Amino acid sequence: MTEIYDIAIIGGGATGLGVAVEAASRGYKTILFESHDFGKGTSSKSTKLVHGGIRYLANFDFKLVKEGLTERYSFINNAPHIAKSQPYLIPFYSYAEKLKYLVGIYLYDFLAGKYKIGKSKFLNKAETIAIAPHLNQNKLIGSAVYYDGQFDDTRMLVTLMKTFESFGGEALNYHNVIGFIKDSEYKINGLRVLDEINQEEKQILTKLVVNATGTFTNSILNLDEPGEEHNKVTAAQGTHLVFNADIFPSNHAILIPKTNDDRVLFILPWRGKIVVGTTDISVKQPQLDPQPLESEIDFILETINQYSTRLINRSDIKSMFAGQRPLVKPEHAINTAKISRNHEIILSMSNLITIVGGKWTIYRKMAEDTINFAIKKDLLSASTSMTKSLKLFGYTTENLDYPLSVYGTEYTKIKEIQQELDDDSQLHPRLPYFTAEIIYQVRFEKAKTLEDILARRTRALFLDAKAAIEICPKVAKLMAKELNMDSMWIHNQIEQFRAIAAQYVVKL
């Protein structure tokens with residue numbers, strides 16, 4: 001008898017895996033397909049913020065901000081091994097700036113209500129310098145400290161994938177949806193899927209399909225309706241630069257309140273490094289591996305140097321990465337920084353449900369809205385959401401050091417593998433990762449390529465690109481032994497990874 005799923009999801013990023021957890025936890029038989037690796041695109045290249053979006057207050061997007069602040073609370077409480085509260089400092093260089101953020105922060109806290117995660121405060125110049133000694137003191141009059149969240153994006157994706165599987169879901173990476181199967185009324189009742197690694201085509205029968213492909217939404221809509229040209233989503237590119245922590249030593253993130261393109265810029269402590277970003281530029285065609293533009297690199301360096309006491313230059317950059325955000329396209333879009341991060345749900349004539357827009361922080365709410373929409377349209381039987389307080393896979397409040405902290409309760413398996421290998425060594429002196437983690441990630445986290453390991457299961461490529469390149473032969477050999485692959489596989493993986501990693505190394 002052919003197996004029939006209740007829901008098939010296309011896309012293994014934040015939105016797709018969020019919908020997968022929502023669906024499976026409600027009892028629907030669910031399968032998810034990702035054409036590359038989970039988070040290969042946008043979801044691994046975020047600013048690592050869990051936030052309401054304080055800058056959206058300037059657009060009077062109060063509903064969006066309140067939604068984000070409410071979801072921020074659930075995000076952190078459901079996965080404290082992945083996400084945490086983080087203090088953010090906003091320096092003031094004019095009284096107009098101070099007044100603007102005085103009002104903004106009080107409003108931000110008011111909108112958070114009972115879901116606040118820290119107590120905001122205002123500091124004088126001396127108190128500000130004590131917290132952020134490398135901050136430019138010229139014309140500095142004080143600062144504000146408020147609280148938002150911070151997390152590890154692809155470790156969150158792995159956690160969602162494991163949570164999904166714990167409810168009986170099936171998550172398949174490197175499975176590309178290449179066509180739809182439709183009944184006599186042209187309603188979708190199945191998918192044609194290509195297993196990219198084994199080059200085998202499968203046919204999957206399902207009652208409902210959800211398109212959660214982010215910046216590639218239009219291509220799936222075009223696959224559903226050939227000959228139609230869909231244009232529901234526009235992409236905005238954001239670039240980040242990564243530095244050693246000593247360029248801006250502080251346990252507070254810094255929010256640069258005004259850039260010359262009317263945005264804000266974050267200087268964020270993360271995994272022992274400093275992440276600085278993001279830019280916001282419109283792009284015509286979405287890319288899976290977008291590269292930072294020279295103008296973006298120059299913009300970030302120029303902006304951070306206006307606020308730093310030491311000169312920061314290209315030689316200080318340890319890694320750089322660019323991601324492209326999917327934005328719901330309004331009628332007259334001019335500046336992507338002004339486009340709302342609201343999400344929308346679209347129902348096609350074929351009963352394909354498409355979820356577009358949004359941001360990482362509200363992934364859970366987007367998923368809940370998607371399933372509720374399907375129920376409202378009589379495409380699913382009625383059910384009640386349980387994800388608002390659902391503790392995610394590995395949940396623990398135990399205070400573990402990174403990198404073992406991101407595994408939550410699963411860290412004991414890393415320890416067991418260390419004993420099995422009789423090896424508790426680090427992979428590289430400039431990286432925090434252990435040899436045993438590689439084995440765990442292959443066995444339990446669906447890592448299939450060198451890039452899966454060094455970019456997403458660990459964050460080596462994002463923390464220090466040159467160090468990641470240096471350890472790739474060792475990691476490839478560890479993976480090959482575990483996957484029973486030959487020397488040609490090792491050679492090909494190293495070559496492919498080096499080509500990808502070169503995009504993360506800045507040209508001096």
Side-chain angles (χ1 to χ4, degrees), residues 1-13 15-36 164-165 167-196 198-233 326 328 343-357 366-385:
M1 183 176 175
T2 304
E3 196 169 20
I4 301 176
Y5 293 88
D6 294 314
I7 307 172
I9 299 162
I10 310 172
T15 306
L17 280 163
V19 174
V21 170
E22 183 71 32
S25 65
R26 293 197 193 196
Y28 301 114
K29 187 172 182 58
T30 310
I31 190 167
L32 177 144
F33 300 105
E34 164 56 46
S35 60
H36 295 81
F164 173 51
E165 289 188 326
F167 282 101
E170 296 177 57
L172 301 172
N173 53 354
Y174 296 100
H175 279 67
N176 188 20
V177 173
I178 58 174
F180 291 105
I181 303 168
K182 298 182 180 180
D183 63 19
S184 58
E185 296 179 350
Y186 299 100
K187 305 299 183 186
I188 294 173
N189 61 8
L191 297 172
R192 292 174 47 231
V193 183
L194 179 65
D195 177 343
E196 295 283 3
N198 297 311
Q199 287 298 297
E200 295 175 356
E201 186 178 325
K202 307 172 183 178
Q203 291 198 352
I204 305 294
L205 299 183
T206 181
K207 298 172 186 174
L208 178 67
V209 176
V210 175
N211 172 19
T213 52
T215 55
F216 295 96
T217 292
N218 295 330
S219 63
I220 296 297
L221 291 173
N222 292 337
L223 187 66
D224 174 39
E225 297 179 347
E228 297 286 329
E229 197 59 40
H230 293 91
N231 203 17
K232 301 290 186 185
V233 173
V328 180
H343 61 283
E344 289 185 10
I345 301 169
I346 302 162
L347 180 63
S348 299
M349 295 291 289
S350 63
N351 284 345
L352 173 68
I353 289 181
T354 297
I355 171 74
V356 295
M366 293 168 65
E368 181 183 352
D369 289 350
T370 301
I371 299 301
N372 286 346
F373 177 87
I375 293 169
K376 185 178 178 181
K377 296 295 182 181
D378 294 324
L379 298 172
L380 290 173
S381 57
S383 63
T384 303
S385 178

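Because the structure is predicted, anything quoted here is derived from the model rather than measured.
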Check: How many angstroms lie between atom CD of E201 and atom CG of D195, to the nearest 0.5 angstrom?
Finding: 11.0 Å
Notebook entry, point to check: Looking only at heavy atoms, what is the nearest atom pair of G357 and H343, with distance?
Noted result: C-CB, 4.1 Å
Note to self: To check you understand the geometry: which heavy-atom pair defines the closest contact between S348 and E225, and what is its length?
What the structure shows: CB-OE2, 4.3 Å
Item checked: Euclidean distance, N176 CG relative to I10 CD1, rounded to 0.5 Å -> 9.5 Å
Margin query: Using the side-chain contact (heavy atoms from CB on, under 4.5 Å) definition, which of the options V356, V210, N372, I355 pairs with I345?
Written below: I355
Next item on the list: With sequence neighbours excluded, tell me which residues meet side-chain contact (heavy atoms from CB on, under 4.5 Å) with S219.
Entry: F216
Note to self: What verdict does the side chain to side chain contact (heavy atoms under 4.5 Å, CB included) test give for T370 and E22, after you've listed the backbone C-alpha separation in whole Å, the side-chain angles of each residue and the deciding distance to 0.1 Å?
What the structure shows: CA-CA 9 Å; T370 301; E22 183 71 32; over 6 Å; no
Check: Under 3.5 Å, side chain of K29 to main-chain N/O of G169, donor-acceptor pair present?
Finding: no
Check: Would you call S383 and I375 a side-chain contact if the rule is heavy atoms closer than 4.5 Å?
Finding: yes
Checklist line | Distance in Å, R192 CZ paired with I181 CD1, rounded so as to fall on 0.5 Å steps | finding: 8.0 Å
Check: So which heavy atom on G13 is nearest to which on E34, and how close?
Finding: N-OE1, 4.3 Å
Checklist line | Atom of A374, atom of L208 and distance for their closest heavy-atom approach | finding: CB-CD2, 3.8 Å
Notebook entry, point to check: Between D6 and K207, is the closest basic N to carboxylate O distance under 4.0 Å?
Noted result: yes
Item checked: With sequence neighbours excluded, residues passing side-chain contact (heavy atoms from CB on, under 4.5 Å) with K182 -> F180, I188, D224, S350
Margin query: Would V21 and F164 count as a side chain to side chain contact (heavy atoms under 4.5 Å, CB included) here? Give the steps.
Written below: CA-CA 5 Å; V21 170; F164 173 51; 4.0 Å; yes
Next item on the list: For the pair Y5 (side chain) and L32 (backbone), establish whether a donor and an acceptor sit closer than 3.5 Å, ignoring hydrogens and angles.
Entry: no
Note to self: For a side chain to side chain contact (heavy atoms under 4.5 Å, CB included) check, start with the C-alpha distance between E170 and I204, then their side-chain angles and the critical distance, and finish with the verdict.
What the structure shows: CA-CA 12 Å; E170 296 177 57; I204 305 294; over 6 Å; no
Note to self: Regarding S35 and E196, do their side chains bring together a donor and an acceptor under 3.5 Å, going by distance alone?
What the structure shows: no
Notebook entry, point to check: Between CD of E344 and CE of M366, what distance do you get to the nearest 0.5 Å?
Noted result: 11.0 Å
Check: What are the two closest non-hydrogen atoms of V177 and L223, and how far apart are they?
Finding: O-CD2, 4.0 Å
Note to self: As an exercise, state the distance from CG of L380 to CD1 of I7, rounded to the nearest 0.5 Å.
What the structure shows: 4.5 Å
Item checked: Student check: side-chain heavy atoms of T217 and I346 closer than 4.5 Å -> no
Checklist line | Short side-chain to backbone donor-acceptor contact, D183 and E185, under 3.5 Å | finding: yes
Margin query: I need the Y174 OH to N198 CG distance, nearest 0.5 Å.
Written below: 13.0 Å
Next item on the list: Would you indicate whether the side-chain heavy atoms of I9 and L17 approach each other to under 4.5 Å?
Entry: no
Margin query: Treating T30 as the side-chain partner and Y28 as the backbone partner, does any N or O pair qualify as donor plus acceptor under 3.5 Å?
Written below: yes
Notebook entry, point to check: Of all heavy-atom pairs between G214 and P326, which one has the smallest distance, and what is that distance?
Noted result: C-CB, 3.5 Å
Margin query: The test is side chain to side chain contact (heavy atoms under 4.5 Å, CB included); show your working for T354 and L221 and say whether it passes.
Written below: CA-CA 8 Å; T354 297; L221 291 173; 3.4 Å; yes
